Amino acid sequence: MSEKILMKGNEAIGEAAILAGCRHYFAYPITPQNEIPAYMAKRLPQVGGTFLQAESELAAVSMVMGASAGGARVMTSSSSPGISLKQEGISYMSGAQLPAVIVNMMRGGPGLGNIAGAQGDYFQATRGGGNGDYHVLVIAPGNVQELADYTVKAFELADKYRIVCMILGDGYLGQMSEPLILPEAVKELPAKDWALTGAKGRDPHIIASLRLADGALVGHVYDLYKNYAEIEKNEVIYDTQNLEDADYMLVAYGTSSRVCKKAIRVLRAEGIKVGLFRPVTLWPFPKKEIAEAAKKVKKILTVEMSMGQMVQDVQINAGKYCDVDFYGEPGGMLPVVEKIVQRVKSYV
Amino acid sequence: MSEEKIYSFPKSIREVTTHYCAGCGHGIVHKLIAQIMDELGIQEKTLMIAPVGCSVLAYNYIKADGLEAAHGRAPAVSTGLKRVQKDKVVICYQGDGDLLAIGTAESVHAANRGEHITVIFINNAIYGMTGGQMAPTTMEGQVTKTTPYGRDPKQVGWPIRACELLNTLEAPYYIERCAVYDVKHINQTKKAIKKAIQNQIDGKGYSFVEILSMCPTNWGVEPQKAADWVRDVMEPYYPIKCFRDGGEKTK
């Protein structure tokens with residue numbers, strides 16, 4: 001499978017999930033990610049898998065929870081308002097340490113908002129989203145190739161750490177078509193000796209988030225955070241461009257980072273040395289890496305399709321080394337290249 | 001004269017102290033499930049879904065793999081698990097708030113898809129774990145923490161009949177309402193649960209057993225009076241009968 005093919009972002013996620021060994025997918029329709037359930041409805045029966053359109057997002061994520069407890073690689077997908085509904089199941093799965101992949105192709109909000117791509121769910125994705133002390137591992141791809149590659153990666157990480165792994169894209173990424181090379185099919189899936197398979201020749205397994213006994217929940221949450229510390233140590237992903245000699249650093253993820261790349265070309269053509277720092281894992285956030293990069297530049301401009309969410313993480317981690325400015329477009333609008341260019345020029 | 005052992009502690013139940021109140025029906029139904037697991041030899045292939053409510057700790061008693069669902073989502077969680085573990089027996093255990101209030105959609109749609117699961121529905125006309133609030137099955141005029149002047153159907157609607165509701169669907173294979181207020185009815189309940197589980201083993205489809213049960217603590221009455229109340233007040237509104245068998249509606 002090394003030849004390049006043209007594929008829509010949402011469909012690339014679906015095919016990559018199947019290549020990663022996902023044979024169970026449960027979801028409820030919502031724009032702008034409807035190509036994912038349509039693709040899975042068509043493809044999963046061809047590979048002996050199960051596609052089920054759930055009665056709601058609450059049901060879909062609960063089906064995911066059940067399938068995950070049964071040991072399967074399982075996925076659901078949605079967009080912002082639907083992801084809000086899924087937070088119940090995400091919190092329960094996090095408490096019960098059940099792996100799953102959840103795709104959020106973000107749209108404009110709050111509420112029903114609109115159906116254009118947006119990045120207004122950063123806080124929800126990286127701060128937990130549901131109730132309680134927990135984290136979801138969040139990966140933000142920047143193009144169709146990465147949507148495919150990181151979907152496979154998401155399944156690996158979810159199983160490795162028994163954590164919910166979220167692919168955080170947006171409506172623009174999901175709807176665009178780009179050439180990609182499909183990832184290799186995963187041949188061997190990890191054994192899950194904790195799964196519910198029937199207590200044959202062993203003690204029963206109990207999978208639950210409830211910890212009523214004195215002190216039991218305290219210990220459980222500390223255990224969860226030991227796991228999170230390992231993830232923060234081992235699984236940070238980020239990307240940089242033109243940072244070697246940069247005076248100014250743009251920080252952006254996903255679709256915003258694509259607009260930044262165009263702005264960098266324009267600014268560099270005018271002799272202004274600007275580069276890009278692109279977090280790929282939003283949790284764990286590349287804290288040390290962005291701090292190191294901040295030491296070498298005069299100023300940071302964070303660019304988001306929101307009123308300013310990731311910029312808080314940039315300020316916390318890089319703010320003591322240089323000024324952090326922000327430019328954002330809410331409501332499903334793309335950042336404008338010329339506005340980035342003018343803002344950076346104002347620093348010179 | 002040789003001795004024959006005719007009664008013992010079920011193998012499929014853990015020998016632990018119960019947290020259920022005196023006179024509660026959950027313990028009776030747990031025991032029936034465990035006895036049936038023993039009789040059918042399915043302890044090693046049973047997957048028990050515990051709901052939110054008093055029976056959230058069902059997995060502490062039933063000696064089988066157990067999974068806890070969010071409130072109302074037990075049928076959806078059961079769906080996901082059964083679609084993966086197709087050769088196992090998935091028992092979806094639910095209370096009235098779980099099944100008919102917060103989880104109405106999940107209950108109706110799992111039944112409508114004809115999921116190959118066995119739903120055990122404990123109807124005790126009240127919320128137990130949270131301390132006695134109105135359930136969707138609370139009787140007209142019944143006093144609860146949130147209906148201190150008695151349930152007024154004009155304000156909060158009428159008690160919902162789960163079996164009759166689900167019996168309007170095409171897919172269900174077996175629907176029966178039972179009770180556990182006396183020995184005769186406990187024995188009938190055991191037969192119904194056994195049939196509902198056997199149906200799943202045989203790949204027949206969705207089976208639903210509603211069990212009218214007692215909650216003396218939150219009803220504020222002694223256990224025997226609670227049992228009498230199920231018979232005298234609940235049963236006339238929730239008739240004990242088989243609504244559907246073998247996929248066919250009963251006459």
Side-chain angles (χ1 to χ4, degrees), chain A residues 22-26 28 44 49-74 76 85-93 95-96 98 100 130-131 192 194-213, chain B residues 11-14 19 37 41-53 56-90 92 102-113 115 117 129:
Chain A
C22 171
R23 292 294 178 274
H24 293 82
Y25 170 89
F26 307 94
Y28 186 84
L44 274 171
T50 297
F51 165 86
L52 194 57
Q53 180 171 325
E55 57 271 25
S56 71
E57 301 294 2
L58 295 160
V61 76
S62 295
M63 290 170 187
V64 166
M65 182 172 173
S68 174
R73 282 198 162 174
V74 56
T76 185
L85 290 171
K86 287 192 200 291
Q87 295 302 333
E88 175 187 80
I90 293 172
S91 175
Y92 274 72
M93 280 192 283
L98 285 170
N131 64 298
K192 296 181 178 176
W194 47 262
L196 304 186
T197 56
K200 191 170 185 179
R202 61 162 170 77
D203 287 337
H205 292 161
I206 307 297
I207 296 182
S209 59
L210 186 69
R211 298 287 189 283
L212 280 181
Chain B
K11 287 198 195 93
S12 296
I13 213 154
R14 292 176 205 269
H19 80 288
M37 285 165 63
I42 56 165
Q43 187 260 333
E44 293 180 337
K45 59 186 284 192
T46 297
L47 309 178
M48 184 82 190
I49 310 295
V52 169
V56 64
L57 295 173
Y59 46 71
N60 282 357
Y61 306 114
I62 305 289
K63 213 166 161 185
D65 276 7
L67 176 60
E68 173 192 288
H71 200 15
R73 316 292 171 238
V77 168
S78 300
T79 296
L81 184 56
K82 180 71 180 186
R83 296 281 180 132
V84 172
Q85 295 291 339
K86 293 182 175 129
D87 59 340
K88 304 303 187 303
V89 176
V90 174
C92 178
I102 195 165
T104 312
E106 286 79 2
S107 296
V108 169
H109 286 272
N112 191 47
R113 289 189 301 266
E115 293 293 340
I117 60 173
M129 189 177 233

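Letters A, B, ... mirror the listed sequences (proteins, then strands); counts begin at 1. From a predicted model like this one, the values you see are computed outputs, not experimental measurements.
- When all heavy atoms are compared, the tightest approach of A/Ile206 to B/Ala64 is CD1-O, 4.0 Å.
- Shortest non-hydrogen contact noted between A/Ala59 and B/Ala76 is O-CB, 3.6 Å.
- In this structure, chain A has a heavy atom under 4.5 Å from the side chain of B/Val52, while its backbone stays farther away.
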(request) Could you please spell out the steps behind the side chain to side chain contact (heavy atoms under 4.5 Å, CB included) verdict for A/Met65 and B/Leu67? (result) CA-CA 9 Å; A/Met65 182 172 173; B/Leu67 176 60; 4.2 Å; yes
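- Rounding to the nearest 0.5 Å gives a distance of 9.5 Å between CD1 of A/Ile207 and CD1 of B/Ile49.
- In this structure, chain B has heavy atoms under 4.5 Å from both the backbone and the side chain of A/Ala72.
- Contact annotation for B/Ile42: neither backbone nor side-chain heavy atoms come within less than 4.5 Å of a heavy atom of chain A.
- When heavy atoms are compared at a cutoff of 4.5 Å, B/Glu106 approaches chain A by way of both its backbone and its side chain.
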(message) Under the criterion side chain to side chain contact (heavy atoms under 4.5 Å, CB included), I'd like the reasoning laid out for B/Arg73 against A/Leu58: C-alpha separation, chi angles, the key distance, then a yes or no.
(response) CA-CA 8 Å; B/Arg73 316 292 171 238; A/Leu58 295 160; 3.6 Å; yes
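- For B/Ala70, the parts lying near chain A are the backbone and the side chain together; criterion is any non-hydrogen pair under 4.5 Å.
- Of the two parts of A/His205, the backbone and the side chain both hold a non-hydrogen atom closer than 4.5 Å to a non-hydrogen atom of chain B.
- For the pair B/Lys88 (side chain) and A/Thr197 (backbone), a donor-acceptor distance under 3.5 Å is present.
- Across A/Pro204 and B/Lys63, no two heavy atoms sit closer than the pair CG-C, 3.9 Å.
- Annotation: the span from A/Met63 atom CE to B/His109 atom NE2 amounts to 9.5 Å, rounded to 0.5 Å.
- Between A/Arg202 and B/Asp65 there is a salt bridge, since at least one side-chain N of the basic residue sits less than 4.0 Å from a carboxylate O of the acidic one.
- For B/Lys82, the NZ atom counts as densely surrounded, since its 6.0 Å shell holds more than 12 non-hydrogen atoms of other residues, nucleotides or ligands.
- Taking every heavy atom of both residues into account, B/Ala105 and A/Glu55 meet most closely at O-OE2, 3.8 Å.
- There is a side-chain donor-acceptor pair under 3.5 Å between A/Ser209 and B/Glu68.
- Looking at A/Ala195, only its backbone comes within 4.5 Å of chain B, counting heavy atoms on both sides.
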(request) Please lay out, stage by stage, how A/Leu212 and B/His19 fare under the test side chain to side chain contact (heavy atoms under 4.5 Å, CB included). (result) CA-CA 12 Å; A/Leu212 280 181; B/His19 80 288; over 6 Å; no
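- The choice from B/Asp87, B/Ile62, B/Leu81 that makes the most heavy-atom pairs within less than 4.5 Å of chain A is B/Leu81.
- Rounding to the nearest 0.5 Å gives a distance of 15.0 Å between CZ of B/Arg83 and OH of A/Tyr25.
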(request) For A/Leu210 and B/Tyr59, run side chain to side chain contact (heavy atoms under 4.5 Å, CB included): C-alpha distance rounded to whole Å, both residues' side-chain angles, the deciding distance at 0.1 Å, then the answer. (result) CA-CA 12 Å; A/Leu210 186 69; B/Tyr59 46 71; 4.1 Å; yes
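- At a 4.5 Å heavy-atom cutoff, B/Val89 makes no contact with chain A through either its backbone or its side chain.
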